[in-house]
Structure formats: structure tokens, C-alpha cells
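See structure below.
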Amino acid sequence: MEKMSVAQARRPESIGQEVQLQGWVRTRRDSKAGFSFVEINDGSCQGNLQVIMEGSLPNYESEIKRLTTGSSLSLVGLIKASPAKGQTTEVQAQQVTVYGIADADSYPLQKKQHSFEFLRTIAHLRPRTNTFGAVARVRNRVCRSIHDFFQEEGFLYVHTPIITASDCEGAGAMFQVTTLKLDAVPKDEEEQIDYSLDFFARRSYLTVSGQLEGESYACALGKIYTFGPTFRAENSNTSRHLAEFWMVEPEMAFFELADNMDLAERFVKRLFRDVLDHCPEEMEFFRERIDKETVDRLRGIVDSQFVRLTYTEAVTILEKSGQKFEFPVHWGTDLQAEHERYLTEQHFKRPVILYDYPASIKPFYMRLNDDERTVRAMDVLVPGVGEIIGGSQREERLDVLQRRMEQQGLSPEDYWWYLDLRRFGTVPHAGFGLGLERAVQFITGMGNIRDVIPFPRTPGSADF
RNA sequence: UCCCCGAUAGCUCAGUCGGUAGAGCAAGCGGCUGUUAACCGCUGGGUCGUAGGUUCGAGUCCUACUCGGGGAGCCA
């Protein structure tokens, strides 16, 4: 007997086939006329499959009448056109095997809406809900599109290390990795921790970015991208931050800032277009249940040009806006969330790429402009979520890079290999980072980033 | 880390002026039905987050703590 997915069985072209289906019960409705409607889902699509289970089945009273939400089963049946509204096909079951009942008294999921807060406490079961199934499928589609896009553009997928000894990748607090016994840490003569006895014979950390290593490969192979888990030990408690998240970081030799912005815009639009094209049921679900605007917003972005303006121009717009901001705007300080929101949500009402930020508020590796006050940084801001991409053209001039490091209190010796890239055949190059979860959050309209990653890690919480 | 809000049945919530606990859904039983978040009736289900305090009396007022949420900062 051929196995078939629920997704396939829901399509009209499957009518007339006799197949095996396996999945989990979403709901059961009994008819006293002597049969039951059982809706099953196997994760292959948003919708359920209605199965007719007749009272004449040998295990009808003993097992089928006891099927509860969450129970698992296998069945053999004939796919038919459904006579009633609500679905195009349905299955007439000929044989039903129950794998496992989900005891309704203790099974936490019911056929009703639960709060996301509650579902986070049962993260191992929440993928069985409509919302988390849809998020998982959209997340998968976005990941596939990330690879498709870069592979089609001739990029090489490079794996940068998860464990790093660069103690300042320039992107925030790091998790330390150690095999030292924390209750008996070895000390040297000066009572300092003796890291020569640690696993890597020096302090090591979980990566906060693969950028520096990515530059190494871009400066040999041209266009590369990394895509993997990233860790930040910041004590951030917001709906947009995770301690462990996934980041895509392309890095391109012979790219200047304008090339970088072009690529970022093409990239983001491709992700959005692919989800609209390939996940219509999921997006319709999000439009109905999560965020009415999300589909229209994505369509609008795919068809429109991103606004590009310099930091200096943005400050001028904000100053002239007449808006009362909690924090007043002035040149030289970073824009606050309220300022970015005003630009994307009220002034332009679409994504905005800001570039040429003051050098004083950006890291050492961003290329200094001729005005000596600004660097070739760019942020892609979207309505609702805010910063979705951050990137820059990198400083390729050895002397300028060394000067900038010293200004920021970093010792060039620690970055000897990074500086080698400028010593030997340096080239203009650029890159950016896109937070996967921020992208999925924006696409789906989900309000909390903890609900677009399967098992979220946040301060004080690493359950499951 | 800072500011604000919350914690009551398995879930989602209501609970008036401080007077001893309620609904919907879920569950069990019964009824009805090609149903589709099915529907109707009945039944069971509670240390009101924890620890103190005020009071004749606290779910309700006060304090601390724990956990959760929203916002800010940091950023992706």
C-alpha cells in the first residue's frame, strides 16, 4: 500500500486512490448514525484531512470512539470527493490502526486556542498546533530560500567556527566555553585564572558572529555566506532578542557599500516572495489569526523599492518632523527605536536602508568615509520589527584599520590574522548579517521572537 | 539591567465596597446530528503563585520574593 501525506491527499487529483495515511488526530466528531468524522494532520500542510470512520470497522467501539486530540494512528482508505463544504477531499477509512492514545485528562493541548505563554511551557508539544506548524514550515521555506538565493548568485557556503577565541568580535557579550572545574579553578602565581590549563589552552567563547572568519574566505574565494547558530550573552529581555539565534552572513570581495545594499534588498525581497509563492496556506493562516496586515505588507515590499538615505539625512527628517520623541535626535548618537519606527512606519511606510553612520557609534572594521566622521555602515529597517539586517563595507586599508582599533581600545596583535588580510593582497569588500528569526517574525507577524524558534534560549530560560 | 502590568479550575478568563469561589472551553455521562472550533442537558473538578503582615474576617488591602508578559537599552 502506497503511503501518502495529508497534503497530497487533500488535492483533488488524488481522488480515487487507495492509500495509507499516518498522523495525529486534531478533532473527532461522532455521528450517532453510526460513524465518526476524524480530522488528522501529519505536519505536511496547514489543513487537516477529514476521515470517515464507519461503525462497521472492527475496532470502532474499542478504539476509534476513544480517539482524542493528539492520538496517533495509521489508516488505509479511499480518497473521495467530499460531499460537504469545508474540504475538497475526504477519506473513507477501510482499516484503522491506533498507535497511541493521548489521555485527554492529562494531554495539555485542546482543540481551542491557547496563549503563546502557555505553549512556551510545553515547547515539546507546541509544534502540534496550527500556529507552530505554520511557523515551522515558513521557517523551513526561508532557510531553503536563503541557500537557493546565494547558491544561484554564485556564493560559496562556508562554515565558520561556533567556538572562537576572538574575545572581541565586536558584537556584544559572549558565553565562555570551558572545561575547567568551576568550583576549583586553577590559579597562577598572581591569583589569575590559569587558562593554559583550559581545553583550548586559552579563553574561548561561543561565536557572536562569523564575520571575521567570513572575511578570510571572501578574500580568497570571492563571494561566500555563512548560516548558522549565533550566541549573545546580553541580558536582553525583549520580544526581538534571543541568546541563541540563527544568522546569515554573506561577505563579498570587490563589493562596495552600494553593491552591498543592492544585494541586501534583492535578498530580502526574494525571501518574502518565496514564502508568498510557496506557503500560501500558512500565510493565509497568519493573516486570519495573527496579523491581518502581514500578507499585504509583504506584497507591498516585494513590489516596491526600499528607501535609501544617509544617517545625516535621517536626522534632518526627524528634526523637521515636528514629532515629540522621548529622546531628542541629534547628530552623533544612535537612533532610538522610536526614531526608526517613525521613519519606517509613519514617514516612509516601507523598508528603509540607512547608511553612512557616525564613526563614533560603529565598530572598528567599518570603512571610514573621506569625511573622517562617518563609516560605510548600513542597516535595513522594516516596519514593526526594526533592524532586520546590519552590515557595512569593511575597512581594507591596513593603516586606517589599525588606527581605528587603537581608538576603540583594541590591541592589533590580537587580530594579527585579520590584519594579514589587509597586509597581503587587500581588496575592497563588504557584507551583512540577517537575523533569521527577525525575518521569520516579520514575515509571519508573530509578536514574540520566542515563538519563531523551536526551543528559545533567553536569560534565565533554557528548558527543553 | 531599568520602568509598567499580571499570576484564581486542565486551558482562557470574570470575581463589585474586604464577608468564605464563578463562566466558557476541556473531561465523564446522556441526547441530537454528513459533521466540520458541531450543538443541547447533567456531573465531577480550586491550598486563589510563595512567604509574611493589616483585619472580627483577605482572591480582594500592604510588604518581600518567584515566575510570566509589555516597553526601554544592547543588537540580528
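Per chain, numbering begins at 1; letters A, B, ... match sequence-line order.
Considering only side-chain atoms of A:R438, the nucleotide from B:G34, B:A72, B:C75 that sits closest is B:C75. The side chain of A:S82 has B:U35 as its nearest neighbour among B:U35, B:A72, B:G69. In this structure, of B:G69, B:U12, B:C11, it is B:U12 that holds the atom nearest to the side chain of A:S115. Listed candidates were B:C74, B:U1, B:G71. Nearest to the side chain of A:T238 is B:C74. Each of B:C75, B:U36, B:C11 was ranked by its minimum atom distance to the side chain of A:A84; first place goes to B:U36. Nearest to the side chain of A:E387, among B:G34, B:A76, B:A72, sits B:A76. Of all nucleotides listed (B:G34, B:G73, B:U1), B:G34 comes nearest to the side chain of A:P83.
The aromatic rings of A:Y225 and A:Y157 lie parallel to each other, with less than 30° between the two planes, well short of the 60° mark. Relative ring orientation between A:F227 and A:W246 is described as perpendicular, the plane-to-plane angle rising above 60° on a 0-90° scale split at 30° and 60°.
With the nearest nucleotide of RNA chain B identified for both A:W246 and A:R240, A:R240 has the one nearer the 5' end. Along RNA chain B, the nucleotide nearest to A:P459 and the one nearest to A:E338 differ in position, and the one closer to the 5' end is contacted by A:P459.
Counting to the nearest Å, the C1' atom of B:U35 and the NZ atom of A:K85 are 14 Å from each other. Between A:N235 atom CG and B:C75 atom C1' there is a gap of 14 Å when expressed in whole angstrom units. With rounding to whole Å, A:L381 atom CG is found 12 Å from B:A76 atom P. Following rounding to the nearest Å, A:I122 (CD1) and B:G68 (C1') show an atom-to-atom distance of 15 Å. When rounded to the nearest whole Å, the span between CD1 of A:I361 and C1' of B:G73 equals 14 Å. Distance A:N448 CG to B:G68 C1': 11 Å, rounded to the nearest Å. Between the CD atom of A:E234 and the P atom of B:A72 there is a distance of 16 Å, rounded to whole Å. Atom CE of A:M53 is separated from atom P of B:U35 by 18 Å (rounded to the nearest Å).
Salt bridge absent: A:R270 and A:E265 never bring a charged side-chain N and a carboxylate O closer than 4.0 Å.
Rounded to a whole angstrom, the distance from the C1' atom of B:G46 to that of B:G10 is 12 Å. Rounded to the nearest Å, the gap between the C1' atom of B:A76 and that of B:U8 is 39 Å. Rounded to whole Å, the C1' atom of B:C17 lies 15 Å from the corresponding atom of B:G57. Taking atom P on both B:G49 and B:G31, the two are 40 Å apart, rounded to the nearest angstrom. To the nearest whole angstrom, the two P atoms, one in B:G45 and one in B:G34, are 35 Å apart. Taking atom P on both B:A27 and B:C11, the two are 15 Å apart, rounded to the nearest angstrom. Nucleotides B:U16 and B:U60, compared at atom C1', are 10 Å apart to the nearest Å. B:U54 and B:U63 have their C1' atoms separated by 11 Å, given to the nearest Å.
When heavy atoms are screened at a 4.0 angstrom cut-off, A:T121 is found touching no nucleic acid atom at all. Contacts of A:I389 with the nucleic acid, taken as non-hydrogen atoms under 4.0 Å apart, involve only primed sugar atoms and P, OP1 or OP2. Within the 4.0 angstrom heavy-atom criterion, no nucleotide atom of any strand lies near A:L109. If you check every strand for non-hydrogen atoms under 4.0 Å, A:E117 touches sugar and phosphate atoms only. Within 4.0 Å (heavy atoms only), A:A337 reaches sugar-phosphate atoms of the nucleic acid but no base atom. Residue A:F118 is classed as a sugar-phosphate contact, given heavy-atom separations below 4.0 Å to backbone atoms only. Across all strands, A:R26 comes closer than 4.0 Å to no nucleic acid atom at all (heavy-atom distances). Contact annotation for A:T27: backbone-only contact, meaning every heavy-atom pair under 4.0 Å involves sugar-phosphate atoms and none involves a base.
Within the shown strands, B:G10 is the pairing partner of B:C25 under the Watson-Crick or G-U definition, both distances less than 3.5 Å. Remark: B:G57 base-pairs with no nucleotide in the shown strands. Criterion, Watson-Crick or G-U wobble with two distances under 3.5 Å. Nucleotide B:C2 is matched to B:G71 when pairs are restricted to Watson-Crick or G-U wobble geometry with both distances under 3.5 angstrom. Using Watson-Crick or G-U wobble geometry with both donor-acceptor distances under 3.5 Å, B:G49 finds its partner in B:C65.
More than 12 heavy atoms of other residues, nucleotides or ligands lie within 6.0 Å of CZ in A:R266, so this atom counts as buried by the packing criterion. Other residues, nucleotides and ligands place more than 12 heavy atoms under 6.0 Å from the NZ atom of A:K65. Within 6.0 Å of atom CZ in A:R289, 12 or fewer heavy atoms from other residues, nucleotides or ligands are found, so the atom counts as exposed in its surroundings.
Remark: the A:E234 side chain and the A:H241 side chain contain no N/O donor-acceptor pair separated by less than 3.5 Å.
Residue A:Q87 places a side-chain atom within donor-acceptor reach of the base of B:U35, judged by atom type and a 3.5 Å distance cut-off alone. The base of B:U36 is not paired with the side chain of A:N48 by any donor and acceptor separated by under 3.5 Å. At a cut-off of 3.5 angstrom, counting only N and O atoms as typed in the model, there is a donor on one side and an acceptor on the other between the side-chain of A:S236 and the base of B:C74. For A:R29 and B:C39, a side-chain-to-base donor-acceptor distance below 3.5 Å is absent, hydrogens and geometry of angles not being considered. Residue side chain A:R232 reaches the base of B:A76 through a donor-acceptor N/O pair under 3.5 Å, judged by distance alone. Contact of A:H241 with B:C75 (side chain to base): a donor-acceptor pair of N or O atoms is detected under 3.5 Å. Between the base of B:G34 and the side chain of A:E90 there is a donor-acceptor pair shorter than 3.5 Å.
A cation-pi arrangement is absent between A:K362 and A:Y311, since the terminal nitrogen or guanidinium carbon is not both under 6.0 Å from the aromatic centre and inside a 45° cone about the axis.
The backbone N or O of A:L67 sits less than 3.5 Å from a side-chain atom of A:R28, completing a donor-acceptor pair.
Checked options A:R126, A:R139, A:R240; the residue passing with A:D451 is A:R126 (criterion: salt bridge (Lys or Arg N to Asp or Glu O under 4.0 Å)).
At B:G71, one or more side-chain N or O atoms of A:S239 fall inside 4.0 Å of OP1 or OP2 (strictly under the cut-off). For A:Q50 and B:U35, the shortest distance from a side-chain N or O to OP1 or OP2 is not below 4.0 Å.
Taking a centre distance below 5.5 Å and an interplanar angle below 30 degrees as the stacking criterion, A:F37 does not stack against the six-membered base ring of B:G34.
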